[in-house]
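Heads up, the thing below is written out as structure tokens.
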Amino acid sequence: MPELPEVETIRRTLAGHLTDARVTGVRLIWPGAFQGWGELDFAGILTGKRIQGLERRGKYLLIHLDEGWSLVAHMRMTGRLLYFSASQEIGPHTRGVFELNQGELHFQDVRKFGRILAVPSAAVNEVRGLAALGPEPLEQEFTPDVLRNRLRGKKTCLKSALLDQRVLAGLGNIYTDEALFRARLSPERPAASLEREEAEKLTAAIKEVLKAGIEAQGTSFRDYRDANGRKGEFQRSLQVYGRQGQLCTACGGILVSKRLGGRTAVFCPACQV
DNA sequence: ATACTCCCCTGTGGGC
DNA sequence: TGCCCACAGGGGAGTA
């Protein structure tokens, strides 16, 4: 579910509530979502620790605790981290509750794909998935040259390459479709075929659409909510995602959807070349 | 290494 | 109306 703008919004809406809070207890309702470290169990690691700060890397949310521990959380498709200032009844999809000295943090996840790991802060970079993460698209270091280098030698289409978190971190199905439309590039283009000028357009489009997504506090196409349970607004600004069969906002043609690398891409076959 | 497909789950919406 | 199937903001395992 959450892509970079949604995870960033969760981080921002959670930071004020959690920073300096102490974990007083942990209730694992569906333990499969939580993983400890070696012989140390998840609840044992957390209990008593104080939260020092929150960090985002790609679609991962890192919650840094004192005494050298961190939580690595990934929402996958339907995960939510919700903060409540007072004790709150659990819902049917609540997989775990972090009791704090002030309030509670609930992890909800309909599809049970999301995971939260407790790891030594020094070992965060070794966590599978995090280890091979590509560059952060909103950092200055992410340039057209970097993008072209990352796509060099790839045999897949542009859409699949952009979804590969090792190429760059944080794009998912919504924002790849939107970025490709803004750059007027077809998702079917061979990833390695971008000319210099096209890479410039795509780099700019990726940065713009992610910034706009963050500004709108994410896309609530269906499940996504921030830490306060609020929806985002970016679904109102989507130009292609979910609009197959509707009119292209640029040329008035019909948007098409096509399965590429196991995911659905929506695009304008006339505008995007 | 790279690039596919399948799979993990539950809920929903469209077609019949 | 009800049933069945396909599909859903993701990514890991397994396979060529």
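What you see is a predicted model; the values in this text were computed from it and never measured. Throughout, a chain's letter reflects where its sequence line sits, starting with A, and its residues are numbered from 1.
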Side chain to side chain, [X] and [Y], heavy atoms closer than 4.5 Å:
X	Y	value
A:Q108	A:I90	no
A:V273	A:S186	no
A:D109	A:R76	no

**Asked** Counting only Watson-Crick or G-U wobble pairs whose two distances fall under 3.5 Å, which nucleotide matches C:dT15?
**Response** B:dA3
**Request:** Once you apply the 3.5 Å cut-off to both distances, tell me the Watson-Crick or G-U wobble partner of B:dC9, or none.
**Result:** none
**Message:** Using the P atom as the point on both nucleotides, what is the distance between B:dG14 and C:dG9, in whole Å?
**Reply:** 16 Å
**Request:** Provide the distance between the two P atoms, one in C:dC3 and one in B:dC9, to the nearest whole Å.
**Result:** 25 Å
Contact class for [X] (heavy atom, under 4.0 Å): base, sugar-phosphate, or nothing?
X	result
A:R259	sugar-phosphate
A:T219	base
A:Y60	sugar-phosphate

Without decimals, in angstroms, what is the distance between [X] [atom1] and [N] [atom2]?
X	N	atom1	atom2	value
A:R80	B:dT10	CZ	C1'	13 Å
A:E3	C:dA8	CD	C1'	12 Å
A:F221	B:dG13	CZ	P	11 Å
A:K159	C:dG9	NZ	C1'	10 Å
A:D109	B:dC8	CG	P	16 Å
A:M75	B:dC8	CE	P	23 Å
A:L260	C:dA8	CG	P	12 Å
A:R76	B:dC7	CZ	P	16 Å

I want to check one thing: is the phosphate of [N], taken as OP1 and OP2, less than 4.0 Å away from some side-chain N or O of [X]?
X	N	result
A:R222	B:dG13	no
A:H93	B:dG11	yes
A:K112	B:dC8	no
A:K59	C:dG11	yes
A:Y241	C:dG9	yes
A:T264	C:dA8	yes
A:R95	B:dT10	no

**Donor-acceptor pair, side chain of A:R243 and main chain of A:V266, under 3.5 angstrom** = no
**Asked** Is the backbone of A:W69 close enough, under 3.5 Å, to the side chain of A:S121 for a donor and an acceptor to pair up by distance?
**Response** yes
**Request:** Using side chain to side chain contact (heavy atoms under 4.5 Å, CB included) as the criterion, point out the one residue from A:H106, A:R225, A:M75 that pairs with A:L81.
**Result:** A:M75
With the side chain of [X] defined as its heavy atoms from C-beta on, choose the nearest nucleotide among [options].
X	options	answer
A:V110	B:dC8, B:dG11, C:dG11	B:dG11
A:D223	B:dC8, C:dG9, C:dG12	C:dG9
A:T156	B:dA3, B:dC9, C:dG9	B:dA3

**Message:** Both A:G129 and A:R111 contact DNA chain C. Taking the nearest nucleotide for each, which residue is further toward the 5' end?
**Reply:** A:R111
**Prompt:** A:F113 stacking on B:dC9: centroids under 5.5 Å, ring planes under 30°?
**Reply:** no
**Asked** Any idea if C:dG9 is syn or anti, going by the 90°-from-0 cut?
**Response** syn
**Asked** Heavy-atom count around A:K258 NZ within 6.0 Å, excluding the residue itself: above 12?
**Response** no
